[in-house]
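Only one structure is covered here, and it is reproduced in the block below.
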Amino acid sequence: MKEKSIISNLRLKFAERSWNDTFQLVRRCMEKSRDESRPCGPLVRSLERLQEEFNVSSLNITKSRLEMIAKQQGMGFHVTEATCYLTADLFYLEVVLEQCGRVEEVKVAPQVGPPVSSESLLQLLRVKNYTDFSRKLAGLFAQYNMPGDNSDIKLKLFTSLQHLGKDLLQISVLQRASNDCDSKIDLINSGRTGCVIEGKEDCPLIIQFYVTPTESDSQTADSKPVIHEAQVTVSASDVAHKLQMSSLIPQPPQLDPHGSPVFLLLNEVPHETQPACFLLKLQPFVPMTASFMKKLSLITDVTVPDVDLQWAPLPSLLVRGSQSANSHRETLDEQDTIYTVKFPDVSHSYILPRAAWQAPAQIATVMSSVPFTHPAHVPALLELLRHQCVINTLLRSCVTGATPGPDCDLHFEVLPETDTSFSVTFNPPDTDSLAVLLVNISDSHQITCSLFGAGTGDATTDQYISTIITRCMSVPVTLRTLCSKLKELASTPRSPSCLATAEGENYHSAPSSAAVTDTDSTVTKLSLGAAVAEDSSSVSGAACYAMSVADSELLT
């Protein structure tokens with residue numbers, strides 16, 4: 001009742017006041033914020049709501065809106081007649097207004113260069129899209145926000161970043177001439193430095209390094225390709241590093257026998273030792289296993305800080321970060337979850353046992369950035385990031401899907417084998433035995449599959465499956481195709497001797513780590529990189545292969 005009385009009194013008090021008076025009152029309240037560094041949150045939201053009510057543009061309203069956006073970004077704000085200046089340490093934004101409030105021109109002025117017109121920022125302000133303008137301004141602020149105690153250090157780091165960007169762009173030009181990439185997607189996924197988008201005054205240097213495939217009759221009809229990219233910037237570091245202050249590529253450029261550019265030594269060019277390093281800021285973030293993080297550090301000799309990193313099984317991070325809202329999950333218990341993937345003609349269920357994925361090799365964390373100190377590090381870092389992205393894409397395909405059905409026709413268990421391989425256990429159609437598909441991702445460009453225990457496994461089948469999964473990058477799509485092929489082969493009459501021969505070939509094609517000893521028709525030892533679970537309700541990929549071999553012996 002007391003709150004209602006206060007609201008009623010406020011309504012009566014301001015009933016006779018105009019919108020403009022209320023607007024000015026909120027602005028005065030903002031100036032009296034307890035935290036001088038940032039305005040009061042509730043007052044900012046109130047001011048935004050008031051400004052949205054002003055449908056008619058005016059010079060003062062536009063100025064007020066720009067002032068609020070500047071304060072939200074932690075920037076200074078100055079105004080001279082019809083020109084507003086949003087200022088930071090290494091740049092300022094100049095917004096020229098007409099008397100009616102219409103934006104006439106927007107310029108970005110770096111400290112080291114003349115003002116440059118920004119068409120993208122101009123169009124956002126002209127259509128009054130202040131949300132996107134504020135977001136783009138935040139990115140611009142981050143682009144020029146160099147670490148350091150004074151402007152001199154900040155300027156040196158910004159200069160170093162500019163020279164790095166020119167070197168990366170030159171490497172990109174060299175690779176296009178030597179690699180003959182057929183398309184932009186090929187350039188992104190296979191190029192030594194991906195697709196480098198040149199940095200400008202109003203946008204940062206961006207490297208696009210991986211894009212998910214789109215040619216797939218996969219689970220979601222509205223799925224769109226996800227482009228993984230990295231913004232190149234500078235970050236503070238606990239350890240001082242030598243950073244370039246000029247180009248490290250000699251002129252004319254030279255290539256080594258592998259087609260990579262030859263770099264000058266840092267001691268041969270101007271450089272600065274600063275408590276800072278370059279940074280690849282990843283978007284979207286990349287879930288990465290501990291072993292891959294160690295490989296990153298080996299490339300750069302820069303330790304990736306593990307402060308505030310949250311570790312979890314890799315599939316858990318992939319599910320948490322999935323953009324699909326259509327996947328159906330049926331919880332079995334507190335640990336395991338069934339993921340249902342529905343196709344037009346068949347439905348699959350996938351289970352990734354949490355206990356198996358909690359192994360040290362499968363514990364991962366979400367990486368938002370990767371530090372480095374030299375342009376020569378970038379190609380190797382991108383290749384490692386692509387490798388992890390390929391693994392993530394395949395595993396994510398098992399846990400995101402389309403509209404679920406009440407029942408599933410086929411069931412699959414996905415188990416880890418190494419940090420770059422996993423197995424899928426399933427029951428082939430119209431059979432009583434189990435089969436195992438071993439998927440090995442040796443690098444971002446090579447995925448090989450080996451089929452065990454299905455009665456038809458040979459080099460031709462393995463090559464066929466490997467081609468399918470490489471093309472569609474989807475485990476469910478691959479298994480759907482494989483099961484259709486196995487069902488077709490099962491309907492073809494075959495003699496027991498042929499089946500035995502196929503099983504024998506399949507057995508001899510198994511990895512060298514697998515060993516089978518048959519005593520009184522009992523398999524006593526077998527390994528595919530994962531121990532057979534003691535609980536009979538949990539069957540590993542190795543156990544499935546052993547059972548299928550035993551079935552074959554009975555049939556022959």
Side-chain angles (χ1 to χ4, degrees), residues 27 30-31 33 35-39 44 47-48 51 57-99 101-166 198-206 231-236 276 279 281:
R27 289 194 66 232
M30 284 181 61
E31 294 172 357
S33 174
D35 183 359
E36 296 181 358
S37 63
R38 298 189 68 83
V44 169
L47 187 59
E48 288 177 346
Q51 288 173 332
S57 296
S58 72
L59 186 63
N60 290 333
I61 291 174
T62 306
K63 287 181 180 178
S64 297
R65 194 64 185 263
L66 292 173
E67 180 182 6
M68 185 189 69
I69 292 174
K71 289 183 177 180
Q72 286 178 322
Q73 301 298 338
M75 300 176 65
F77 182 81
H78 309 279
V79 59
T80 57
E81 296 184 357
T83 303
C84 299
Y85 299 91
L86 290 72
T87 61
D89 287 337
L90 297 183
F91 84 103
Y92 67 86
L93 199 68
E94 180 181 336
V95 183
V96 181
L97 305 175
E98 299 176 0
Q99 289 300 319
R102 183 177 181 271
V103 180
E104 180 179 341
E105 188 177 19
V106 178
K107 294 182 180 180
V108 179
Q111 185 172 331
V112 294
V116 177
S117 297
S118 174
E119 185 66 23
S120 59
L121 292 174
L122 174 63
Q123 293 304 322
L124 289 174
L125 288 179
R126 281 187 172 177
V127 298
K128 302 180 185 179
N129 188 347
Y130 294 110
T131 301
D132 287 347
F133 172 80
S134 181
R135 186 180 299 113
K136 191 171 180 64
L137 182 62
L140 195 63
F141 184 74
Q143 176 183 344
Y144 287 93
N145 187 26
M146 299 290 107
D149 298 330
N150 54 64
S151 297
D152 183 53
I153 294 178
K154 292 175 182 288
L155 187 57
K156 288 180 178 180
L157 293 177
F158 183 72
T159 302
S160 178
L161 179 63
Q162 287 183 310
H163 287 298
L164 170 71
K166 292 177 181 178
E198 183 178 3
K200 298 181 181 179
E201 288 77 7
D202 62 344
C203 61
L205 176 71
I206 297 292
Q231 176 183 339
V232 184
T233 183
V234 177
S235 175
L279 208 64
K281 296 181 66 176

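All figures in this text were calculated on a predicted structure; none of them were measured in a lab.
In this structure, the separation between CD on Gln72 and CD on Glu67 is 11.0 Å, given to the nearest 0.5 Å. Rounded to the nearest 0.5 Å, atoms CG (Asp89) and CD1 (Ile153) are 12.0 Å apart. Atoms CD and CE, on Gln111 and Met146 in that order, are 12.0 Å from each other to the nearest 0.5 Å. Leu93 CG to Asp202 CG: the interatomic distance, rounded to the nearest 0.5 Å, is 9.5 Å. Expressed to the nearest 0.5 Å, how far CD of Gln143 lies from CG of Leu137 amounts to 11.0 Å. Here Arg65 contributes atom CZ and Met68 contributes atom CE; the two are 4.5 Å apart, rounded to the nearest 0.5 Å.
Between Ser117 and the options Lys107, Glu94, Glu105, a side chain to side chain donor-acceptor pair (under 3.5 Å) holds for only Glu105.
Contact check for Lys136 versus Asp132: no side-chain heavy atoms found under the 4.5 Å cut-off. Residues Val108 and Leu121 have side chains in contact (heavy-atom distance under 4.5 Å, counting atoms from C-beta outward). The closest side-chain heavy-atom distance from Val234 to Leu279 is not below 4.5 Å. Within the 4.5 Å cutoff, no side-chain heavy atoms of Leu97 are placed close to those of Arg102. Val95 places none of its side-chain heavy atoms less than 4.5 Å from the side chain of Thr83. For the pair Leu86 and Tyr92, the minimum side-chain heavy-atom distance is 4.5 Å or more. Inter-residue side-chain proximity for Thr80 and Tyr85 is flagged as met; some heavy-atom pair is nearer than 4.5 Å. Counting heavy atoms from C-beta outward, Leu66 and Leu125 have side chains that approach closer than 4.5 Å.
For Gly101 against Thr62, the heavy-atom pair with the smallest separation is O-OG1, 3.2 Å. Across all their heavy atoms, Leu59 and Gln99 have their closest contact at CB-O, 3.6 Å. Considering every non-hydrogen atom in both Ala70 and Gly76, the closest pair reads CB-O, 4.0 Å. The two atoms that bring Pro147 and Ala276 nearest to each other are CG-CB, 4.4 Å, heavy atoms only. Arg126 approaches Glu104 most closely through the heavy-atom pair NH2-O, 3.3 Å.
Judged as a ring pair (Phe, Tyr, Trp, His ring centres under 6.0 Å), the pairs with a partner in residues 109-162 (not counting sequence neighbours) are, in order, Phe91-Tyr144, Tyr144-Phe158. Pairs passing the side-chain hydrogen bond (donor to acceptor under 3.5 Å, both in side chains) check and including a residue from residues 147-157, sequence neighbours excluded, do not occur.
Judged purely by atom type and a 3.5 angstrom limit, Lys63 uses its side chain to pair as donor or acceptor with the backbone of Glu81.
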Worked check of side-chain contact (heavy atoms from CB on, under 4.5 Å) between Val96 and Val103: CA-CA 6 Å; Val96 181; Val103 180; over 6 Å; no

side-chain hydrogen bond (donor to acceptor under 3.5 Å, both in side chains) evaluation trace for Gln73 with Ser134: CA-CA 8 Å; Gln73 301 298 338; Ser134 181; 3.0 Å; yes

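In this structure, the side-chain contact (heavy atoms from CB on, under 4.5 Å) partners of Val127, at least two apart in sequence or on a different chain, are Asn129.
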